[in-house]
*Asks:* 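Below are the structure tokens for one structure; questions will follow.
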Amino acid sequence: MEAPELLALYEQMVVVRRTEKAAHDLFLQGLVKGTTHLAAGHEAIAVGASAALRPDDYVFATYRGHHHAMARGATPEECLAELMSRATGLCGAKGGSMHLTKAATGMLGSYAIVGAHLPMAAGAAWSARLRGTDQIAVAFFGDGATNIGAFHEALNLAAVWKLPVLFVCENNLYMEYTPIADVTAVARPAADRAPAYNIPGESVDGNDVVAVRDAVAALARRARAGDGPALLEAATYRHFGHSRSDPATYRPAEEVERWLKHDPLDIARGRLTELGVPEDAVTAADERALDVVQKAVEAARNAPAPDPDAALTDVWADGGGAWRT
Amino acid sequence: MEAPELLALYEQMVVVRRTEKAAHDLFLQGLVKGTTHLAAGHEAIAVGASAALRPDDYVFATYRGHHHAMARGATPEECLAELMSRATGLCGAKGGSMHLTKAATGMLGSYAIVGAHLPMAAGAAWSARLRGTDQIAVAFFGDGATNIGAFHEALNLAAVWKLPVLFVCENNLYMEYTPIADVTAVARPAADRAPAYNIPGESVDGNDVVAVRDAVAALARRARAGDGPALLEAATYRHFGHSRSDPATYRPAEEVERWLKHDPLDIARGRLTELGVPEDAVTAADERALDVVQKAVEAARNAPAPDPDAALTDVWADGGGAWRT
Amino acid sequence: MADVISYREAVAEGIAREMRRDAAVVCLGEDIGAAGGVFKTTAGLFEEFGPRRVWDTPISEQAIVGAAMGAAMTGMRPVAEIMFSDFLACCWDYLANEIPKVRYMTGGQVTVPLVVRTANGGGLGFGAQHSQATENWALTVPGLKIAAPATPADVIGMMAAAIRSDDPVVFFEHKGLLASKGPPPPPDHVVELGRAAVVREGADVTLVALAAMVPVALRAAARLAEDGIEAEVVDLRCLVPLDMSTVLASLARTSRLVTVEENPYQGGWGATVVSVVADEGFGLLDAPVRRVAGECVPLPFADALEERVIPTVDKVVTTVRDLTAY
Amino acid sequence: MADVISYREAVAEGIAREMRRDAAVVCLGEDIGAAGGVFKTTAGLFEEFGPRRVWDTPISEQAIVGAAMGAAMTGMRPVAEIMFSDFLACCWDYLANEIPKVRYMTGGQVTVPLVVRTANGGGLGFGAQHSQATENWALTVPGLKIAAPATPADVIGMMAAAIRSDDPVVFFEHKGLLASKGPPPPPDHVVELGRAAVVREGADVTLVALAAMVPVALRAAARLAEDGIEAEVVDLRCLVPLDMSTVLASLARTSRLVTVEENPYQGGWGATVVSVVADEGFGLLDAPVRRVAGECVPLPFADALEERVIPTVDKVVTTVRDLTAY
Ligand SMILES: Cc1ncc(C[n+]2csc(CCOP(=O)(O)OP(=O)(O)O)c2C)c(N)n1
Ligand SMILES: Cc1ncc(C[n+]2csc(CCOP(=O)(O)OP(=O)(O)O)c2C)c(N)n1
Ligand SMILES: [Mg+2]
Ligand SMILES: [Mg+2]
């Protein structure tokens with residue numbers, strides 16, 4: 001990857017990291033309600049994968065989806081406004097942290113029932129084929145999702161119909177609090193299942209944005225060419241607990257430490273240095289990111305609350321919500 | 001296998017075949033309502049597997065389950081009475097062809113939602129472990145069931161918990177009318193999925209009762225010893241259509257012919273001859289089977305209809321059916 | 001077109017009409033292609049439209065409905081078949097949590113124009129797992145439209161409306177009606193969702209019915225007329241949108257209400273109808289409201305038992321007689 | 001034991017009491033072991049009973065509930081946790097088609113003594129897929145008992161009854177009540193399933209509520225009392241068995257009925273209650289029956305929006321005032 005592109009990806013990752021930090025702080029200030037599942041540590045997967053996709057491709061993500069929403073065109077302001085229950089939020093404050101969606105840029109949603117979006121992604125890929133486009137669809141999901149039935153059904157269907165869809169597992173070693181190894185029959189929960197669907201199953205360092213970009217690009221090319229779906233397992237780690245209420249004490253200190261040293265931002269910075277990008281260019285990117293996020297926080301803070309009656313709209317395509325005539 | 005045991009298994013298979021033939025005829029006479037899914041052609045799987053099990057083991061089967069019910073202790077009379085809506089039926093005429101169950105002999109039910117009983121079998125195996133017995137559980141299912149989510153969840157759970165459960169696939173090449181190969185990503189729908197759960201996945205000629213008995217016996221020994229679950233894929237073919245309304249015209253004539261020549265009864269007869277069992281011993285077994293089934297038909301015909309008010313009982317463990325107090 | 005068309009044929013005809021007018025309409029489901037479906041309700045579609053528009057699937061209800069959802073969100077109008085309505089339980093997450101909510105939870109960013117068709121109801125001796133009337137399951141979920149036609153003409157007209165709808169529709173085809181026949185509707189026949197039909201007029205009592213219970217109510221009405229009791233029969237056609245205006249208008253004429261439902265009494269759709277009536281139509285009522293509904297037990301196999309559980313003409317007649325004596 | 005116990009603690013305590021008395025009781029679910037559950041409702045069980053009685057599972061709702069069923073059929077009394085009640089949709093086949101039917105369809109050959117516990121309800125800003133009150137889903141299925149306690153003492157007493165029951169019980173623990181506190185019940189406290197409680201007496205109107213709506217109804221009753229309107233509040237506790245005797249007896253005293261339900265109006269449990277009343281209690285009614293229920297939309301994320309959807313004290317007060325003016 002050339003330096004300018006990598007610098008841009010780095011900056012995107014910093015924006016995600018900063019936005020999540022802001023979300024965390026706003027939570028503590030009581031300005032974000034409900035729950036959040038921070039993706040800090042997972043940034044390289046979203047940013048690297050997005051870099052390999054076309055603007056008209058489709059992305060489906062999970063409740064841990066801030067990084068995907070932003071990598072896929074949602075602004076920090078839209079995201080934070082959503083988390084802060086503002087009318088200007090990405091989903092008009094109807095979705096919340098777990099459902100960030102920006103359909104206009106192909107980010108077709110964050111889903112909070114584990115695994116449920118995998119068949120949807122297969123369906124979007126099927127649709128692309130039916131409409132004769134060469135779009136592809138990508139579903140991101142966690143290691144825990146590999147043990148639910150929808151995973152199996154989606155992969156088999158995608159394989160049988162040779163659909164242009166990629167299944168990208170963000171393996172962060174844990175479901176909520178339980179180590180994935182304790183509840184999974186194979187060592188690599190996603191990649192080791194690929195032979196059951198007769199599709200490629202690859203592994204990648206999910207914290208290396210360049211490696212992710214390259215892996216996704218190769219599989220995307222294949223899918224776009226009509227060679228069918230693939231599974232990609234990206235190894236990563238979350239910097240925080242599962243959700244805001246989780247201090248993550250179940251993780252061995254040594255393991256946490258090791259992974260914190262394998263931070264996607266550090267890895268990207270290292271690569272930038274190798275490519276000869278001067279320190280101050282990186283610092284400038286950091287500052288731009290910080291600035292964007294600070295402005296986003298301010299804008300979201302000042303945005304209006306939703307009209308309570310908006311709760312009764314948007315059920316139906318005509319905008320209404322009546323169930324009787 | 002010694003001749004006397006094989007002759008007994010042969011006779012059991014003939015009883016099943018004859019009972020199903022009777023069910024078929026009674027259907028045409030309007031004496032069996034609803035639908036039936038005949039297992040003619042699959043007999044060796046049920047009879048062979050049962051021969052390898054202990055009386056206290058658990059069996060879970062599907063809507064195509066006449067053979068399992070009978071192999072596992074249900075009499076032709078109980079089965080036919082059930083099909084003919086008699087009060088004396090196995091389930092008091094509440095179940096019907098799709099739900100033959102004889103709990104007293106460990107035949108814990110025939111389930112009509114594809115794949116749903118696989119987790120149940122895992123649960124029965126778990127229960128055996130919890131109670132400190134060395135019972136095992138066996139789930140029989142079709143090739144089509146390998147593509148449904150419950151299959152995946154059951155296998156992973158069974159593998160992770162190392163449960164004493166066997167998953168036996170009766171691969172008859174078709175789901176209802178669709179060839180399994182058209183909708184499955186791998187060649188052997190069950191066995192090729194075993195590596196995804198890190199368990200043994202074996203194939204066997206499902207029409208050879210001895211081969212089935214041996215394969216199940218080996219895997220049962222393993223399971224009972226605490227070495228965990230296994231998948232066994234038994235190749236077979238149904239002699240009739242999927243259910244009574246299906247003439248099965250979608251199957252190539254050549255294929256049908258080939259498989260009808262590979263009839264489990266013929267194969268067993270051939271083995272009996274090889275073992276030196278005289279022709280008339282085999283004929284005597286045929287006649288005994290025919291006699292049992294003819295008597296069963298008569299008895300079922302003459303049995304009383306259920307009391308309509310019985311429809312309102314057996315919802316709750318106390319025998320009642322009231323939902324209000 | 002012939003003089004009469006069966007309900008079964010009407011399903012395929014209804015879908016075919018929409019497939020002809022809109023290339024975005026595609027079908028998927030188990031054995032729906034060359035086999036024409038287990039109930040032959042998709043017969044001819046594969047022949048006319050080919051494998052690029054009529055897709056056989058594995059036995060993967062979640063993948064079927066989930067893929068339909070993904071396709072609907074991206075420009076297609078999928079018509080997914082779930083063979084028996086009991087099996088909706090196998091993909092209930094999609095019906096309950098995904099399809100009806102995605103538009104709302106994204107603040108209206110996406111639409112999900114899909115139809116989930118399914119064979120519903122009992123009376124055929126298919127036992128506990130293949131006989132349920134599950135339209136009330138769908139009623140528990142805001143965000144689904146629910147259609148359940150009673151005649152071949154309505155099948156075609158409501159199928160048109162369902163497939164053209166930009167909202168998700170669960171379309172219940174009643175197994176007990178598949179063989180029934182009726183006049184075929186004219187080309188481009190569309191029955192707007194959410195319009196009940198008064199299928200028999202009468203001044204003494206209103207019977208509100210759906211799908212296979214419509215002919216049961218009509219036969220009961222004919223029997224009651226012999227006693228001089230004139231029953232008005234309302235075919236609800238849809239549960240959502242629920243046409244309470246037509247029910248309340250009928251009640252204003254009759255002052256008495258009986259629902260005729262195949263689903264169990266507990267949690268049945270008639271309860272929702274009755275609760276609207278007990279509120280908004282309270283002043284119209286001259287007598288208690290009765291519900292002839294399925295007994296609160298699973299469906300048994302034997303005919304004699306199944307008849308004890310599902311509403312019959314006799315039960316409706318007895319209930320109405322009793323009520324008009326109030 | 002302390003003077004007060006929280007609803008959250010009561011869940012674990014209720015299970016622990018039964019695990020102590022019966023070795024057949026085992027627990028399974030996601031993160032319920034060393035982690036004590038996502039809601040800490042199984043805290044301490046793993047420590048007391050160890051890994052042979054408290055089992056962490058993969059994210060496999062079908063396997064969890066299906067395995068519980070198989071174990072229940074073979075001598076165990078499993079208590080399965082489905083983390084959020086929305087996720088019941090992921091194993092709905094087991095709740096709708098398998099567990100409640102297997103006894104019936106085998107002619108009574110087997111029993112299924114299991115409990116499926118789940119965190120239910122909204123008001124916490126968890127959005128459309130983690131906030132539903134889904135007790136009405138279970139009501140559509142004959143063969144399930146349905147418990148939904150409102151107080152810590154009832155949690156313990158009803159948990160005892162549920163685990164000892166030879167019938168399958170779906171046990172709804174309300175997320176909004178987890179932090180609430182109350183007096184701990186004495187040892188061996190058992191609250192029979194199917195007995196509603198009159199938790200406040202009053203002569204003017206009967207409010208029928210469940211789970212988190214019980215405190216809402218009680219607060220509304222307190223407000224109404226300031227206006228001189230005396231509301232009687234019935235805590236249903238269970239939907240099946242449904243204690244209509246207590247409701248009808250209360251109605252005989254008050255002549256007016258309002259249900260207070262968190263589930264949506266369409267297909268909500270209140271409709272079933274109302275339909276029994278509109279039949280058997282018609283002569284007792286002096287006024288229309290009203291239902292304060294969830295709006296028929298998915299649950300939105302923002303507080304301001306969620307309050308618009310879920311019943312509040314204000315809505316109950318307004319409805320009752322309006323009704324008593326009838
Ligand atoms: C069907 C379902 N079951 C359980 C949950 C609760 N839950 C939310 S996230 C989660 C863990 C998911 O783990 P993983 O797939 O590894 O993703 P991660 O959170 O680690 O990114 C669980 C169990 C859910 N949302 N959906
Ligand atoms: C979940 C579910 N989907 C669909 C059906 C309808 N159905 C009944 S049998 C069957 C085919 C099953 O094929 P297979 O598993 O190969 O078993 P076989 O009938 O060949 O023995 C189907 C689709 C069902 N009963 N359950
Ligand atoms: Mg994880
Ligand atoms: Mg098959």
Side-chain angles (χ1 to χ4, degrees), chain B residues 58 60 82 89-96 98-104 108-113 115-131 133 135 137 149-150 152-158 160-161 163 165 310 313-319 321-325, chain D residues 23-24 26 28 52-53 55 57-76 78 90-91 93-94 97-98 100-113 139 142-143 145 165-167 192-196 238-246 276:
Chain B
Y58 300 117
F60 293 80
E82 183 70 21
L90 254 185
C91 309
K94 279 181 170 149
M98 295 205 277
H99 300 301
L100 297 184
T101 299
K102 185 150 181 171
L108 283 187
S110 308
Y111 297 84
I113 310 274
H117 58 307
L118 276 57
M120 296 175 209
W126 179 51
S127 160
R129 249 224 356 234
L130 290 167
R131 288 179 287 105
T133 75
Q135 295 162 285
H152 181 64
E153 296 191 11
L155 270 92
N156 184 62
L157 188 79
V160 170
W161 288 2
L163 299 176
V165 54
T313 64
D314 285 338
V315 178
W316 308 121
D318 67 7
W323 66 284
R324 288 174 50 183
T325 55
Chain D
V26 286
L28 74 167
R52 281 194 62 86
R53 296 190 62 197
W55 292 67
T57 67
I59 306 177
S60 304
E61 277 72 11
Q62 297 191 76
I64 293 169
V65 179
M69 177 177 168
M73 291 167 70
T74 53
M76 302 303 295
C90 299
C91 50
D93 178 45
Y94 293 89
N97 292 329
E98 315 293 344
K101 293 183 167 55
V102 69
R103 178 177 169 77
Y104 185 87
M105 73 191 190
T106 63
Q109 293 183 55
V110 297
T111 57
V112 192
L139 185 62
K145 295 195 165 164
S165 167
D166 287 333
D167 296 312
E192 194 189 341
L193 301 180
R195 293 272 165 262
C238 287
L239 293 182
V240 175
L242 184 67
D243 182 359
M244 284 306 302
S245 317
T246 297
V276 174

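From a predicted model like this one, the values you see are computed outputs, not experimental measurements. Every heavy atom of this structure was used, including side-chain atoms; hydrogens, water molecules and symmetry mates were not. Reminder, nothing fancy here: chain letters follow the sequence lines and each chain counts from 1.
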*Asks:* I'd like to know if the side chain of R131(B) and the backbone of T74(D) have a donor-acceptor N/O pair within less than 3.5 Å.
*Replies:* yes
*Asks:* Working to the nearest 0.5 Å, report the span between CD1 of I64(D) and OG1 of T57(D).
*Replies:* 3.0 Å
*Asks:* Out of A122(B), A150(B), A116(B), return the one with the most heavy atom pairs under 4.5 angstrom to chain D.
*Replies:* A116(B)
*Asks:* Name the option with the most non-hydrogen atom pairs under 4.5 Å to chain B; the candidates are R103(D), R52(D), R195(D).
*Replies:* R103(D)
*Asks:* What pairs with Y104(D) under side-chain hydrogen bond (donor to acceptor under 3.5 Å, both in side chains), at least two apart in sequence or on another chain?
*Replies:* none
*Asks:* Hey, are T101(B) and T106(D) close enough side-chain-wise for a donor-acceptor pair under 3.5 Å?
*Replies:* no
*Asks:* Donor-acceptor pair, T313(B) side chain versus G319(B) backbone, under 3.5 Å?
*Replies:* no
*Asks:* Working to the nearest 0.5 Å, report the span between CG of D314(B) and CD of Q109(D).
*Replies:* 9.5 Å
*Asks:* Specify which of A322(B), A124(B), A112(B) makes the most heavy-atom pairs with chain D at under 4.5 Å.
*Replies:* A124(B)
*Asks:* Could you tell me which portion of V240(D) (side chain, backbone, both or neither) has an atom closer than 4.5 angstrom to a non-hydrogen atom of chain B?
*Replies:* both
*Asks:* Counting heavy-atom pairs under 4.5 Å to chain D, which of N156(B), L157(B), L130(B), L163(B) comes out on top?
*Replies:* L130(B)
*Asks:* Go through the atoms of L28(D) and report whether side chain, backbone, both or neither lie under 4.5 Å from a heavy atom of chain B.
*Replies:* side chain
*Asks:* Against chain B, label D243(D) side chain, backbone, both or neither, depending on which of its atoms sit under 4.5 Å from a heavy atom there.
*Replies:* both
*Asks:* Answer with side chain, backbone, both or neither: which region of V160(B) has an atom nearer than 4.5 Å to a non-hydrogen atom of chain D?
*Replies:* neither
*Asks:* For the pair W126(B) and W55(D), name the ring-plane relationship: parallel under 30°, tilted 30 to 60°, perpendicular over 60°.
*Replies:* perpendicular
*Asks:* Examine whether an atom of V65(D) lies under 4.5 Å from a heavy atom of chain B, and if so say whether it belongs to the side chain, the backbone or both; otherwise answer neither.
*Replies:* neither
*Asks:* Measuring heavy-atom distances to chain D, does A121(B) have an atom under 4.5 Å in its side chain, in its backbone, in both, or in neither?
*Replies:* neither
*Asks:* If you tally heavy-atom pairs under 4.5 Å against chain D, which of E153(B), E82(B), R324(B) wins?
*Replies:* E153(B)
*Asks:* In Å, rounded to the nearest 0.5 Å, how long is the span from OG of S127(B) to CE of M120(B)?
*Replies:* 14.5 Å
*Asks:* Which region of S245(D), side chain (C-beta onward) or backbone (N, CA, C, O), has a non-hydrogen atom less than 4.5 Å from a non-hydrogen atom of chain B, or is it both or neither?
*Replies:* both
*Asks:* Verify whether one side chain among Y58(B) and Q135(B) offers a donor that lies under 3.5 Å from an acceptor in the other.
*Replies:* yes
*Asks:* Counting heavy-atom pairs under 4.5 Å to chain D, which of K102(B), M98(B), H117(B), H99(B) comes out on top?
*Replies:* H99(B)
*Asks:* Can you say whether V102(D) sits under 4.5 Å from chain B via the side chain, the backbone, both, or neither, judging by heavy atoms?
*Replies:* side chain
*Asks:* For W323(B), which atoms come within 4.5 Å of any heavy atom of chain D: side chain, backbone, both, or neither?
*Replies:* both
*Asks:* Which one wins on heavy-atom pair count under 4.5 Å against chain B: K145(D), R53(D), E61(D), M73(D)?
*Replies:* K145(D)
*Asks:* Checking D166(D) now: which residues fulfil side-chain hydrogen bond (donor to acceptor under 3.5 Å, both in side chains) with it, not counting sequence neighbours?
*Replies:* R77(D)
*Asks:* Could you tell me the separation between the CD atom of Q62(D) and the SG atom of C91(D), rounded to the nearest 0.5 Å?
*Replies:* 7.5 Å
*Asks:* Non-hydrogen atoms of chain B under 4.5 Å away: do they reach the side chain of M244(D), the backbone, both or neither?
*Replies:* both
